[in-house]
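For reference, the structure is listed below as structure tokens.
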Amino acid sequence: MKQTFSKKERLVRQRLITGLFADGSSFHCSPFRITWQFSPFPIPAPVQILISVPKKNFHHAVHRNLIRRKIREAYRLNKQQLHDSLLGNNRQLLFAVYYTSKEILPFEIIQGKIILLLQRLIEENEKVTG
RNA sequence: GCAACAGAUCGUUCUGUCGUCACAUUCAAUUGUGGAGGAAAGUCGGGACAACAAAGAGCACCAUGCUUCCUAACGGGAAGGGUUCUGGUUCAUUCCAGAAUACAGAAAGUGCCACAGAAAAGAACCGCCCUGCUGUGAUAGCAGGGUAAGGGUGAAAACGCGGUGUAAAAGACCACGCUCCUGCCGGGUGAUCGGUGGAAGGGGUAAACCUCAUGGGUUGAAAGACCAAGUAUACCAGCUGUUAAGGGUAGCUCGUCCAAUGCUGGAGGGUAGGUCGCUAAAGUUUGAUGGUGACAUCAAACGGAGAUAAAUGACAGAAAAUUACAGAAUCCCGCUUAUAGAUCUGUUGCUUUU
RNA sequence: GGCCCCGUAGCUUAACUGAAUAGAGCAUCUGACUACGGAUCAGAAGGUUGAGGGUUUGAAUCCCCCCGGGGUCA
């Protein structure tokens with residue numbers, strides 16, 4: 001079981017990002033808003049993820065860094081099932097995680113919510129397949 | 001000893017698992033080493049560095065404003081002087097200590113000074129005094145003049161206090177004192193201090209306009225250099241054409257540069273990408289020397305963040321312990337602001353002992 | 001990374017060339033009118049002028065420094 005989070009798994013290309021926010025579908029999962037899309041172009045990893053914490057809610061860079069690191073850590077530890085599901089259908093996914101809460105939540109809660117939303121993405125994948 | 005306040009210094013460490021950025025290593029997997037701060041923050045000053053087919057001169061504009069020094073430079077810092085305030089002390093702003101200080105010029109000029117008050121800056125409303133006229137037993141009334149001694153005001157009232165003087169008064173004059181301009185002597189590099197003489201009498205406000213002195217070219221790493229891909233038409237050179245308007249040069253004037261359009265040739269903008277700029281620095285620590293000090297010089301040692309949607313995290317354990325303010329983006333020097341806890345220093349209060 | 005602007009009653013704003021009770025409209029409350037409500041009329045309350053310091057006799061206004069909000073530059 002791989003728990004790495006290298007640069008290949010991060011959403012970096014500006015063309016893909018603008019395409020994602022223009023055409024992707026989205027849902028809300030308590031402190032997060034998710035925008036996702038099956039990749040129209042081949043990418044080097046099964047999933048590419050973009051994490052965003054708005055400056056409007058957190059003025060200090062330290063707090064933004066802290067939240068982003070917690071989200072990234074939670075995703076890194078729990079991503080394997082989503083990867084397996086996508087590899088099974090030979091499909092690639094782009095998604096953006098947008099933190100909407102105005103408070104800094106502890107790691108356990110963030111991890112629970114991340115697991116929930118990954119389950120939902122797996123369901124979406126299975127639905128399209130089925 | 002405890003508590004509160006203020007200032008200064010330090011401002012978590014180690015182990016394991018998983019992961020991350022850079023570099024080295026390897027064909028690769030891997031492995032190894034290193035990886036945020038005292039403020040990285042605010043962007044308030046000052047530089048380094050870079051560009052600008054010249055960035056020049058005058059005015060305007062902006063900033064600064066006791067002196068000497070430090071520094072690459074500064075609106076920063078050090079030492080000193082003046083002024084003000086506080087505390088103690090003394091016959092006495094006398095002396096000492098601490099704190100604050102945008103601290104050049106108000107005798108170059110202009111403006112403003114609400115309410116109150118006669119009057120807020122070329123003061124006669126009341127009062128006081130003199131003269132003339134009218135009138136009375138007397139007080140008085142009117143007209144002309146002198147006068148800042150007195151008048152409930154106000155933040156501030158025309159140098160203070162005492163005397164001389166006068167019809168009544170007045171720095172009108174005198175002694176003492178204050179302030180200001182200035183000559184001389186002495187101390188100090190100087191601000192300025194002490195002494196002595198001359199001339200003068202002044203309301204406040206320059207963080208109102210202003211005057212004087214000094215400084216300032218403009219724009220900022222989104223600066224800028226290079227590489228590959230690549231095409232509208234900016235740009236350059238030559239020729240043709242126009243002849244004085246116009247445009248650039250931060251605002252105005254001078255000065256200076258450019259020159260419609262067309263043709264020929266060269267060649268490039270936007271966009272997305274890569275390399276450099278990019279970290280060795282006016283560097284840090286220790287010691288010696290010089291200096292009251294900021295700091296400077298010399299010697300030795302150290303000198304391992306460098307990303308580009310952007311790296312330090314998560315979990316568990318241990319150290320008494322759950323932990324402050326807070327995250328590099330070209331780099332420095334300051335200033336300002338935020339800071340749990342620990343240590344030190346000072347002030348105040350309480351308690352105990354002598 | 002750089003630059004610029006703005007904070008006044010619950011809301012929208014005056015007063016920004018210093019002058020003492022910071023003015024107005026909407027909203028709120030009380031009373032009148034009405035059988036009741038609305039509209040209308042009369043009255044009242046509501047401001048540490050974002051915070052702190054300074055200049056001045058006097059600061060919303062001038063100066064310094066923080067806090068908050070907004071805009072702009074590829």
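So you know, we letter chains A, B, ... as the sequences are listed, proteins then strands, and number each from 1.
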Full working for side chain to side chain donor-acceptor pair (under 3.5 Å) between A/Q48 and A/Q92: CA-CA 8 Å; A/Q48 281 196 338; A/Q92 291 173 318; over 6 Å; no
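Each of B/rG327, B/rU312, B/rC18 was ranked by its minimum atom distance to the side chain of A/R72; first place goes to B/rU312. Set against B/rC18, B/rG313, B/rG327, the side chain of A/L77 has B/rC18 as its closest nucleotide. Of the candidate nucleotides B/rC18, B/rA328, B/rG313, B/rA328 has the atom lying nearest to any side-chain atom of A/A61. Comparing B/rC18, B/rC315, B/rG327 by their nearest atom to the side chain of A/E108 picks out B/rC315. The listed nucleotides are B/rA311, B/rG327, B/rC18; the one nearest the side chain of A/N65 is B/rG327.
A salt bridge is defined here as a Lys NZ or Arg NE, NH1 or NH2 lying under 4.0 Å from an Asp or Glu carboxylate O, and A/E73 with A/R76 meets this definition.
Between A/F107 and A/R68, the residue whose closest nucleotide on RNA chain B is further toward the 5' end is A/R68.
Remark: the separation of the P atoms in B/rU253 and B/rA60 is 16 Å, to the nearest Å. For the C1' atom pair drawn from B/rC130 and B/rC180, the interatomic distance equals 39 Å after rounding to whole Å. The separation of B/rU153 from B/rA116, taken at their P atoms, amounts to 15 Å, rounded to a whole angstrom. One P atom belongs to B/rU20, the other to B/rA310, and the distance between them is 13 Å to the nearest Å.
Regarding the sugar-base torsion, B/rA222 falls in the anti class, its angle being beyond 90° of 0. In textbook terms, a nucleotide whose glycosidic angle is within 90° of 0 is syn, and B/rG171 is one such case. Look at B/rA53: its glycosidic torsion is within 90° of 0, and that puts it in the syn range. Base orientation at C/rG10 is anti, since its O4'-C1' glycosidic dihedral falls outside 90° of 0. Anti is the classification of B/rU182, since its glycosidic angle lies more than 90° from 0.
Side-chain N/O atoms of A/R69 and base N/O atoms of B/rG327 include a donor-acceptor pair closer than 3.5 Å.
Spacing between atom CD1 of A/I71 and atom C1' of B/rG19 amounts to 17 Å, rounded to whole angstrom units. Rounding to whole angstrom units, NE2 of residue A/H63 and C1' of B/rG327 are separated by 11 Å. Note: NE2 (A/H60) to P (B/rU339) measures 12 Å, nearest angstrom. Across the protein-nucleic acid pair, A/R76 atom CZ and B/rC315 atom C1' stand 10 Å apart, rounded to whole Å. The nearest whole Å value for the distance from the NZ atom in A/K70 to the C1' atom in B/rC315 is 13 Å. One interatomic measurement links the two molecules: OH of A/Y99 to P of B/rA309, which rounds to 25 Å at whole-angstrom precision. Between the P atom of B/rA309 and the CZ atom of A/R64 lies a distance of 17 Å, rounded to the nearest Å. Counting to the nearest Å, the P atom of B/rA314 and the NZ atom of A/K79 are 18 Å from each other.
Hydrophobic clustering, with ILVMFWY side chains joined whenever heavy atoms are under 4.5 angstrom apart, groups A/L66 together with A/I71.
A/N78 places a side-chain heavy atom less than 4.5 Å from the side chain of A/Q111.
With sequence neighbours excluded, the residues satisfying side chain to side chain contact (heavy atoms under 4.5 Å, CB included) with A/S26 are A/T35.
Taking CZ from A/F107 and CZ from A/R69, the interatomic distance works out to 14.0 Å, rounded to the nearest 0.5 Å.
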